[in-house]
Structure formats: C-alpha cells, structure tokens
There are 2 protein chains.
Amino acid sequence: MAGSKTRFPLAEFKVGVDNVIFSVDTAQNRLLVLLVMRDAEPYRDYWCLPGTLVRQGESPEDAAYRILAEKIRVKNLYLEQLYTFGEVEDSRDPRQDPGDPGKEHRLQWARYLSISYFALVRFSEAELIANGVSGIAWYSLQQVPQLAFSQNRILEYGHRRLCNKLEYSPVAFDVLPELFTLNDLYQFYATVLGENFSDYSNFRTRLLKLGFLNDTGEKVSRGAGRPASLYKFDAAAFSLHKDKPMVFI
Amino acid sequence: MAGSKTRFPLAEFKVGVDNVIFSVDTAQNRLLVLLVMRDAEPYRDYWCLPGTLVRQGESPEDAAYRILAEKIRVKNLYLEQLYTFGEVEDSRDPRQDPGDPGKEHRLQWARYLSISYFALVRFSEAELIANGVSGIAWYSLQQVPQLAFSQNRILEYGHRRLCNKLEYSPVAFDVLPELFTLNDLYQFYATVLGENFSDYSNFRTRLLKLGFLNDTGEKVSRGAGRPASLYKFDAAAFSLHKDKPMVFI
DNA sequence: CCAAAAGTGTTCCGAGTACACCCATGT
DNA sequence: ACATGGGTGTACTCGGAACACTTTTGG
C-alpha cells in the first residue's frame, strides 16, 4: 500500500466551479439561464457558464456563492451541487495562464476538475454585474447557443434537476416574492415545466389542499378581472408533511 | 481578472474517491454495505468506506471502478456518482504520508476533496478480496458503526439515493440474477425499502402490467409450495416507456 | 389431507382530469 | 354590459390498497 504511492503517482487538481444559474421571468414566461462571454482563449467570444477556480481556504461551495455574487446582486436564491466532471479529456481547462511555457508537458499532471452547481434566483431583484466582462446576459433556454467546453450538457443536466426539484420541493417559494398570487405560482411552474403540465384550476385546488399556502386576505388587481388573493408560503406548515412526496405534475 | 490570480492563490487538490457499495442479501433480507478497516492514523482501526486517491491519467470514475475491483470480484454492478465533499475542514485527509515533515504548514495548501460514488453489486457472485487489508466486510445497514471521517453522512446519502433509484429506474435488474421469480424481486424491494412498502400481490400486478417482465415458462420450486415462474427483464420493452415515472412504492 | 407458497380477482377509496360554472373588477 | 381574469364545483376515470380466494406443489 505504501509502495503504491510511488509506483502510481497521484494526480494534482485545480478545482473549478461552474454555475447553472436559472431565473424565471414570469411576466414574459421565459426560463432564463445566466451566461457570460469568455474573453480569453480557448473559446474566446464563446458564451459559457459563470465559473471560477477554487481558492485557498475556500470550499467549492464558497466558490459557487462567490462567483454568483460577483455576477449578480440578488437576495433570494437557492443553490445546490449538481455534478462533478473530471474526465481526463475535460482537463484541458483554459483558465491557466495562456502563455505558460512548457504547457504541453504540464498537461500530464496539471489537471482540472469541475464541480457544477445549480442555482435559482429571484428574477425581479437580480441585477447583473458587468465588471470587466466582455458579456453577461440572461438567455432564454431555447436560445442558448453552443457553449464553451461542451457545457451544454451541464446545462441540460441542471434543467432536468430544476424540473424535478419543482415537483417535490418548495424551491419555487425561495424565489417568488414574499406575497404572490396563485396565478403567479402557476405561471412559474408553467414556465419551467411547460404549458401542459396541469390545468390551472386543478393546480389551485391541489396546492391549497396541501395546506401550506396562507391566504393573507390582501387583494391585488392587475388590469381587468377580479382581484387575486395574495398568498404566503408557510414553511412551518410545509415541514410537517414534507416527507410525503408532493407531486405537482 | 489576470491580477486576481496572484492576489488570490488557487488551491491545489488531491482528489479522493469513496464508494458506497451496496448489496442485497435477499436470502436473509439484509441490505449490506461494504466497509474496510483503516490500518493507519488517523482513525486507525475504524471502519470506513472503500476509497482511494485519483492517480495520474485516471478519471475519478476510473478510480471508483478501480477501488471496487480491488475490493470485490463481481460481474454485474451499477455505479453512479453521488456527491462531492470539499469543505475546508474535510481536507485533513489522512492518506498523505504520516511522517511528512512540515505537515502543519502544508495543510494550508495541500487540500483533499472527496467524490463519493454509489454502487450496487450482485450479492451472490461478489467475492471479497482481502489483500493486505486489516479488515473488509459486509455490514448490515442497521449495524454500521461510527465510521472514520464522519463518512456516515455519505452512507446515509447513498442510502437515500438507492431508495429513490429503485422507485423509478430498473437498477434492481442489474444485480438480480438473469432469471428470477417475482418473489425474488419483491424480496429485493422489501429488503431495501422496508417491509411495508407494498403488498406482494399488488406489487406483482403492477409490475406485470408494465410489460417488461417476460415469463420464461420455466418453473422453480423452493421447498414447499407451488413452483414459481422465472421471469426475465426485457430491456427493450422497458426503454419504450422509460420516460414515464414508474413508481413502486 | 394439510401447510405453504404462487398467483388471481374483487371491492373500495382517493386523487388526478376535464370541464362547466359563478364572482368581482376595469372599461 | 361585457370582457377578463379569479375562484368554485362536479362528474368521470384510473390506479393503488386491502384482502379474500384459488392453484399447485411438498410432506
């Protein structure tokens, strides 16, 4: 066992973090993902997921929060780990010094590993920060271009996770405003899962029956039509029966 | 951006892989997990998950398969990534040379990150390999002791994943024998999910209705009672409706 | 013949689906 | 008044849960 260390030298890794940051623009019914434009080779001028390398004294999750905070100013968000990519061929990460001499040789042992995180942020309050970046933008999911480093697969993976999360966990309430109408909630779900996930009135009754949405009594009027009640998510009431699967679809 | 590299030095990681290897002993209705005993400090003589460090030219997944192959000889298995732990306090991984001089100082930049994998192997054919280990054993899930490095949380996480996987994916058929009775299948599920997940006869009808279990016509008699039909998993038939959630619970 | 295990059928109930319908407000 | 969106109710259907029942073997 001790001898194996010399016979089989260990790999040394730099660890990168890539965030799939989603936001839901309920007004326009668009599911958005945050992309930034690369300003260095390789893949210069390609869009990619916001990412960074993990620094000393920092955990990968810290790094995920840091890159998020560097790109957008947001109060309410949900974040969780997605997947770790570490194939040898993925290791040609570019974020090393481009002019590094002896690069070809170093590639043998300078390896990169990418931990991807998945985040959901409240759209209304999210301010993009464009400091020293050649591009940063919300992209509608359908319009996402070819990303650098084949990050499209990470994005797809994140999208699947988002859909699943919605069905059995209350992530939606992390990014909806404090007070929301049932239609807001419905639009949110419809935007992410597609129009045909459920009838509106059935969605209503199902959610109300679950018992963790409190009618505040306040009404809000949006143009024509009867004013809608504003509801509030009751975390305590939810936690009581969070063991049961709560299926929305 | 370029300047940040010098102001914020990056962390260098050794990457470890820890496997949560499950097996189901249907004969005795026990859900088992593979543990090995540590033979070095820290946590000498503590049980832990089988793990290794990623070598040069090897992907984390390769490493996961390698450690699995080093510990048990098995033909049929299922393996997938679980989660990556990289907290700074987790970094005091022991598998560095114990006598390393200047260790205290090195801890600042020699960091460890653990990618955990989750595996399910066929119990009947699994032969444990005890080469140069001070202990290796299948542990019944209820009897797992305190593990080194608080790996119990990884184990719990893996257990949750196993339960979920069973409900919507055909992992069971990867580790059941080619031909099995419906009771074998039921015992498998009951062992993992608990006795009370479903009535046997309802389980039968539900699974048969799904249409991917072919009755081979062969019968097998086990002691008293009517002989049971041997069934075979039809992967092609399954793939047709694998989009639909197949809920067993 | 009886116990034991495999396999079938039946009844009941609750949850999802698809609607039709009432209510309150702006214009 | 009427269009518009909010909100309620109902009838139907399908699938799961519980459990009784039949079938085929070994002893």
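For the residue pair B:T205/B:N202, the side-chain donor-acceptor check at 3.5 Å is not satisfied. A donor-acceptor pair shorter than 3.5 Å can be found between the side chains of B:Q142 and B:S140.
If you measure from atom CG of A:N196 to atom C1' of C:dA18, you get 15 Å, rounded to the nearest angstrom. As a whole-Å value, the separation of A:R222 CZ from C:dA24 C1' is 16 Å. Spacing between atom CZ of A:F203 and atom P of C:dA18 amounts to 16 Å, rounded to whole angstrom units. Going from atom CD of B:E218 over to atom P of D:dT24 covers 19 Å, rounded to whole Å. Between the P atom of D:dG6 and the CZ atom of A:F180 lies a distance of 15 Å, rounded to the nearest Å. Atom CG of B:L210 and atom C1' of D:dG15 are 12 Å apart (whole Å).
Just one of A:Y186, A:Y231, A:F173 meets the ring-ring contact (aromatic ring centres under 6.0 Å, His included) condition when paired with A:F180; it is A:F173.
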Per-nucleotide protein contact string for nucleotides 7-15 of chain C, where B marks a base within reach and S marks sugar-phosphate only (heavy atoms under 4.0 Å, - for neither): SBB------
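Ring pair B:F22/B:H159 is tilted by interplanar angle, where 30° to 60° counts as tilted. Between A:Y83 and A:Y157, the angle of the ring planes goes over 60°, which puts this pair in the perpendicular group of the 30/60° scheme.
Taking the nucleotide of DNA chain D with the nearest heavy atom to each of B:G225 and A:G225, the more 5' of the two is matched to A:G225.
No more than 12 heavy atoms of other residues, nucleotides or ligands sit less than 6.0 Å from atom NZ of B:K232.
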